[in-house]
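Worksheet: one structure, shown below.
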Amino acid sequence: MRADGHILFANQAAHAIAEARDGLGFDRKRIILSDSREDDRFRKLVASAYSLAAGEVSTGGGTMTVTRPSGKLPFQLLVAPSVGRAAERL
């Protein structure tokens with residue numbers, strides 16, 4: 001994803017999770033978490049990952065739990081920077 005949250009690539013599993021809208025979904029090519037506090041934390045983790053990739057001092061992303069309105073076990077979400085050749089292809 002880009003720094004502004006625009007999704008550049010999502011695999012089939014990600015689309016299936018987003019279509020269920022059980023904790024997270026896609027809206028206008030952006031990941032949106034159902035819980036607003038979790039969504040804010042997610043945006044901060046993404047900003048942190050981009051800061052590190054840009055060479056700034058940063059925690060470089062992180063992990064978080066995404067609750068699911070269905071009551072199923074929560075998702076564990078990892079946000080990490082993509083650097084080098086992988087980032088260049090995006």
Side-chain angles (χ1 to χ4, degrees):
M1 74 188 318
R2 296 188 315 217
D4 65 0
H6 182 88
I7 299 167
L8 298 171
F9 172 78
N11 64 21
Q12 188 175 4
H15 281 283
I17 291 168
E19 286 173 12
R21 304 215 38 82
D22 187 20
L24 63 92
F26 295 159
D27 182 35
R28 294 187 212 117
K29 292 278 211 173
R30 294 183 57 167
I31 296 173
I32 303 295
L33 302 186
S34 299
D35 182 281
S36 62
R37 291 174 299 176
E38 291 175 359
D39 193 66
D40 289 342
R41 175 156 166 67
F42 173 67
R43 305 269 163 239
K44 289 176 184 172
L45 290 175
V46 170
S48 172
Y50 267 92
S51 293
L52 183 66
E56 299 172 19
V57 175
S58 169
T59 58
T63 61
M64 65 177 289
T65 300
V66 178
T67 55
R68 298 172 71 183
S70 68
K72 293 180 181 176
L73 290 174
F75 294 114
Q76 295 300 310
L77 188 63
L78 168 68
V79 178
S82 178
V83 294
R85 293 186 175 261
E88 291 169 7
R89 287 194 298 261
L90 299 175

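Start at 1 with the first residue, then count along the sequence.
- The heavy-atom pair separating Ala80 from Ala49 by the smallest distance is C-CB, 4.0 Å.
- Two different hydrophobic clusters hold Ile17 and Ile32 under the rule that ILVMFWY side chains link at heavy-atom gaps under 4.5 Å.
- No side-chain N or O of Thr63 forms a donor-acceptor pair with one of Gln76 less than 3.5 Å apart.
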Report the C-alpha separation of Leu33 and Met64 in whole Å, then their side-chain angles, then the decisive distance to 0.1 Å, and conclude whether the side-chain contact (heavy atoms from CB on, under 4.5 Å) test is met. CA-CA 12 Å; Leu33 302 186; Met64 65 177 289; 3.8 Å; yes
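- Checked against salt bridge (charged side-chain N to carboxylate O under 4.0 Å, His left out), Asp39 has the following partners two or more places apart in sequence or in another chain: Arg43.
- Using a 4.5 Å heavy-atom cutoff, the side chains of Ile31 and Phe26 are in contact.
- Considering Asp35, Leu24, Val79 in turn, Val79 is the only one that fulfils the side-chain contact (heavy atoms from CB on, under 4.5 Å) rule with Phe42.
- Here salt bridge (charged side-chain N to carboxylate O under 4.0 Å, His left out) pairs that include residues 21-33, with residues two or more places apart or in two chains, are Asp22-Arg68.
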Please list, one pair per line, the donor and acceptor atoms closer than 3.5 Å that link side chains of residues 7-15 to other protein atoms, with sequence neighbours excluded.
residue: Asn11; atom: OD1; partner: Ala13; partner atom: N; Å: 3.2
residue: Asn11; atom: OD1; partner: Ala14; partner atom: N; Å: 2.8
residue: His15; atom: NE2; partner: Ala10; partner atom: O; Å: 3.3

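- Minimum heavy-atom separation, Gly61 to Ser48: N-OG, 3.0 Å.
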